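Quick caveat, the model's predicted, so the values are computed rather than measured. Letters A, B, ... are given to chains in the order of the sequence lines, protein chains preceding strands, and every chain is numbered from 1.
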Amino acid sequence: MMDKKQVKKVLEILHQNYPDAECELNYSTPFELMVATILSAQCTDVRVNKVTAELFKEYNKPEDYLSLSESELGEKIRSTGFYRNKSRHILESARILYNEYGSELPQTREELMKLPGVGRKTANVILSNAFKKNAIAVDTHVFRVSNRIGIVNESDVFKTELSLMEQIDESSWSLSHNLLVLHGRRVCKARNPLCEECDVKKYCLYYNGTV
DNA sequence: AACTCGGGGCA
DNA sequence: TGCCCAGAGTT
């Protein structure tokens, strides 16, 4: 496993490759970020962006969802997949936020994870991205890329989250999440990763161990 | 830990 | 046609 100095070097290289990383998940309100992140489960980013761009024109606050039925919202978000579950979760969460939180999102992980459809990953995205709480969200990209390179060596996403917090300075947790996601999407793909055009391959355990 | 939800894009 | 994608909930 890499030491912190090597990790920092890898992240610096990735940052040079992805200067747009800060702009990821830049929704205008925490509620919009929550909805978009719920929609993102097992769905590509371009489709989520396409759906939210249309949806948020009329439905961008919890109260906007109170009069929607599950099937009505389901049709609007159909193309993101799992739309019946997502529709139910979004409507239930909107109702809870309206009734119990004055339409504002809570800022603790415990309260966020009580909202239907909000798991640990989504809660951490909201904390780090909307509230700057310095959480680090581990999705499939972050899990795969950080373990391949050797930034961490863990068997599940929760342990990966804890190890990443040890390996990365707190001030760059949020940025590092975005860098690892972008690298996972564009280069370090789940299947057929583009190792030859990867700029951190010289540091990568996966590349140096298997190729 | 395994299973289910799911439409759309791509080979 | 078959495979895969910004996860979460239930058992």
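- Between the side chains of S103(A) and E63(A), at least one donor N or O sits under 3.5 Å from an acceptor N or O.
- Nearest-nucleotide mapping onto DNA chain B: of F82(A) and K50(A), the residue sitting toward the 5' end is F82(A).
- Heavy atoms of A190(A) sit under 4.0 angstrom from primed sugar atoms or phosphate atoms, though from no base atom.
- If you check every strand for non-hydrogen atoms under 4.0 Å, S79(A) touches sugar and phosphate atoms only.
- Shown for residues 140-155 of chain A: residues whose heavy atoms fall under 4.0 angstrom of DNA chain C, namely T140(A), H141(A).
- Residue V125(A) is classed as having no contact, given no heavy-atom separation below 4.0 Å to the nucleic acid.
- Counting non-hydrogen atoms under 4.0 angstrom, R47(A) reaches a base of the nucleic acid.
- Between dA6(C) and dT4(B), the two P atoms lie 22 Å apart (nearest whole Å).
- When DNA chain B is scanned in the 5' to 3' direction for atoms under 4.0 Å from non-hydrogen atoms of chain A, the outermost contacting nucleotides are dC5(B) to dG8(B).
- Using a 4.0 Å heavy-atom criterion, one finds that N49(A) contacts the bases of the nucleic acid, with or without backbone contacts as well.
- Its side chain within the 4.5 Å cluster rule, Y98(A) clusters with L66(A) among the Ile, Leu, Val, Met, Phe, Trp and Tyr residues.
- Within the nucleic acid shown, L115(A) comes within 4.0 Å of sugar-phosphate atoms alone, with no base atom in reach, counting heavy atoms only.
- Rounded to whole Å, the P atom of dG6(B) lies 14 Å from the corresponding atom of dT10(C).
- Contact check, R120(A) against dG7(C): no side-chain N or O comes under 4.0 Å of OP1 or OP2.
- The residue G119(A) sits close only to the backbone: its heavy atoms come under 4.0 Å of sugar-phosphate atoms, none of a base.
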